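For reference, the structure is listed below as structure tokens.
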2 protein chains.
Amino acid sequence: MTASRTARERVRAELIREITDIARRQLATDGAGGLSLRAVAREMGMVSSAIYRYFPSRDDLLTTLIIDGYNAIGEAVERAEAACPRDDFAGRWLTACHALRDWAVAHPHEYALLYGSPVPGYHAPQDTIAARVRDVTVLGGIISDAWRAGAMRAPAIEPPAELEGEAAGVREHVPGVPDGVVWQAVAAWTALYGWLSFEVFGQFNGTIEDRRAAFDHSMRLTAATMGLAQ
Amino acid sequence: MTASRTARERVRAELIREITDIARRQLATDGAGGLSLRAVAREMGMVSSAIYRYFPSRDDLLTTLIIDGYNAIGEAVERAEAACPRDDFAGRWLTACHALRDWAVAHPHEYALLYGSPVPGYHAPQDTIAARVRDVTVLGGIISDAWRAGAMRAPAIEPPAELEGEAAGVREHVPGVPDGVVWQAVAAWTALYGWLSFEVFGQFNGTIEDRRAAFDHSMRLTAATMGLAQ
DNA sequence: CATTCGTCAAGAGCGGTGCTCTCGTTTCTT
DNA sequence: AAGAAACGAGAGCACCGCTCTTGACGAATG
């Protein structure tokens with residue numbers, strides 16, 4: 001409350017920021033497995049135990065990096081999509097896809113931390129879920145808008161009875177559409193991230209070279225499947 | 001060549017097999033990050049340095065586990081698909097998809113090792129590529145067969161000029177089809193693995209519960225997109 | 001002003017890891 | 001039988017996450 005307390009808090013916040021910055025740099029170069037608290041401390045001129053004043057464990061440091069990553073990816077796609085004409089649904093979809101891919105290709109290790117194999121003993125705390133849905137909210141919003149504008153084709157097949165009610169958890173991100181469209185959106189979502197994971201994790205190495213063009217075409221195929229109008 | 005030499009070689013082969021078995025069990029329970037050469041040695045009653053007589057490094061042990069994994073997944077999908085009527089293309093597609101998913105759900109850590117974030121010492125040797133394409137050969141074969149039987153719809157959009165020749169690396173797995181169909185197959189392939197990765201890596205936790213049914217519907221959507229006939 | 005009290009960096013240490021090297025012993029080859 | 005190759009054991013190196021204790025500093029309180 002007082003100025004002195006705020007001063008101490010400020011230097012603490014600054015140190016936390018510095019730790020996460022260095023950690024993020026190490027993550028970018030060495031990957032999540034290579035992130036070492038001792039190396040971070042060394043780079044800061046501190047002793048390793050001092051880090052534990054600011055992060056109770058390595059997993060907690062990873063958690064803040066994960067949240068930051070989700071926010072970065074969410075902000076990238078939000079910003080890119082917001083610049084599109086609202087009624088160009090295919091354009092909004094493609095722009096969002098490319099924003100996502102650009103970020104993923106530029107930050108492969110961070111992408112792997114977010115969407116790759118979960119780290120061994122790591123359980124995502126609740127704090128992450130708010131940040132992790134920003135991209136799917138954007139993607140779902142495009143499909144929702146397109147459907148409600150009548151600028152989208154009805155899905156080729158309807159979901160079976162056993163999926164009754166299963167769409168509830170997803171619908172909040174793609175509101176105002178029938179179940180079939182929700183599942184269509186899920187399919188598009190998984191196709192998008194399936195490509196990104198394949199590309200970032202190197203599954204295309206040696207087989208597909210112009211990955212940006214191939215990705216663009218693949219996402220156009222997905223848009224065409226949904227009948228997204230321009 | 002002689003019997004005595006074969007005897008020594010045989011015990012060596014047996015030890016290698018035992019090491020990989022224990023390692024695979026540890027991989028299944030603790031994940032790739034938790035796989036420890038020392039723990040394997042401990043469980044075998046050996047000292048850790050003795051392991052290095054059989055595997056020059058931890059990465060080499062992981063590599064054989066990766067190859068085994070690709071072969072296991074390839075064999076599972078090959079066997080399941082081979083049991084389908086040859087002219088039921090949608091059935092073959094769905095069967096292959098479910099075989100893949102069943103294996104992935106049953107072996108999440110192994111799946112993560114194959115299709116998740118690459119491990120730190122991550123350069124996959126050439127030995128893996130022969131095993132890693134068995135599943136895509138099956139999937140590509142279905143699409144190729146369907147196309148040549150006239151039991152498949154032409155893709156909604158054609159690939160752009162810049163993708164000319166880019167399909168070459170993929171076409172060997174889906175022979176005898178035009179470029180547009182190759183890219184359609186790639187899209188289906190990425191959609192399939194995108195779903196599996198999302199499910200295995202826990203992205204559906206809390207939102208989609210009946211994942212088998214949802215997966216089934218999603219793969220039926222993909223089949224419908226390709227117009228696979230039954 | 002002096003004294004408590006909380007925060008902090010530092011250091012030592014524990015148990016774990018991958019990996020290397022050496023040293024006898026065993027086993028195969030010649 | 002002699003030499004060569006393979007082998008298991010052990011010690012050791014450098015690293016890791018994490019814990020605990022110690023001493024210094026600064027802010028709030030008497």
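These values consider heavy atoms only, across backbone and side chains, with no hydrogens, waters or symmetry-generated copies. Chain A is the first sequence line, chain B the second, and so forth, proteins listed ahead of strands; every chain is numbered from 1. From a predicted model like this one, the values you see are computed outputs, not experimental measurements.
- Residue B:Phe55 contributes atom CZ, which lies 16 Å from atom C1' of D:dC7 at whole-angstrom precision.
- In this structure, A:Arg42 places its CZ atom 10 Å from C1' of D:dA14, rounding to the nearest Å.
- Remark: B:Ser48 is not in phosphate contact with C:dG18, judged by side-chain N or O atoms under 4.0 Å from OP1 or OP2.
- Atom P of nucleotide D:dG17 and atom CD of A:Gln26 are separated by 9 Å, given to the nearest angstrom.
- Side-chain atoms of A:Thr63 and A:Asp60 form no donor-acceptor pair, as typed in the model, at a separation below 3.5 Å.
- Ion pair B:Glu9/B:Arg12 not flagged as a salt bridge, since none of the NZ, NE, NH1 or NH2 atoms sits closer than 4.0 Å to an Asp/Glu carboxylate oxygen.
- Rounded to whole angstrom, the span from the CD1 atom of A:Ile51 across to the P atom of C:dC8 amounts to 13 Å.
- To the nearest angstrom, P of D:dG8 lies 11 Å from CD of B:Glu18.
- Between B:Asp216 and B:Arg220 a salt bridge is recorded (basic side-chain N to carboxylate O distance below 4.0 Å).
- Using a 4.0 Å cut-off, no side-chain N or O of B:Arg8 falls inside it from OP1 or OP2 of C:dT26.
- Place B:Ala50 and A:Tyr52 on DNA chain D by their nearest nucleotides, and B:Ala50 ends up nearer the 5' end.
- Atoms CG (B:Asp30) and P (C:dG16) sit 14 Å apart, rounded to a whole Å.
- Across all strands, A:Arg53 comes closer than 4.0 Å to base atoms (heavy-atom distances).
- Using a 4.0 Å heavy-atom cutoff across all strands shown, A:Leu61 reaches no nucleic acid atom at all.
- Dashed line: the shortest gap from a side-chain N or O of A:Ser49 to OP1 or OP2 of C:dA10 is not under 4.0 Å.
- Taking side-chain N and O atoms only, A:Arg58 has a distance below 4.0 Å to OP1 or OP2 of D:dG17.
- Between B:Tyr54 and D:dA6 there is no side-chain N or O to OP1 or OP2 distance below 4.0 Å.
- Counted by atom type alone, B:Asn205 and B:Arg211 present one or more donor-acceptor pairs between their side chains at under 3.5 Å.
- With D:dC18, D:dG17, C:dT17 as the choices, the nucleotide that has an atom nearest any side-chain atom of B:Ser36 turns out to be C:dT17.
- At most 12 non-hydrogen atoms from other residues, nucleotides or ligands lie less than 6.0 angstrom from CZ of A:Arg79.
- The nearest whole Å value for the distance from the CG atom in A:Leu37 to the C1' atom in D:dC18 is 9 Å.
- A donor and an acceptor atom never sit less than 3.5 Å apart when one is taken from the side chain of B:Arg38 and the other from the base of C:dG16.
- In this structure, A:Leu15 reaches the sugar-phosphate backbone alone: every heavy-atom distance under 4.0 Å involves primed, P, OP1 or OP2 atoms, never a base.
- Rounded to a whole Å, the CZ atom of B:Arg10 is 18 Å from the C1' atom of D:dA6.
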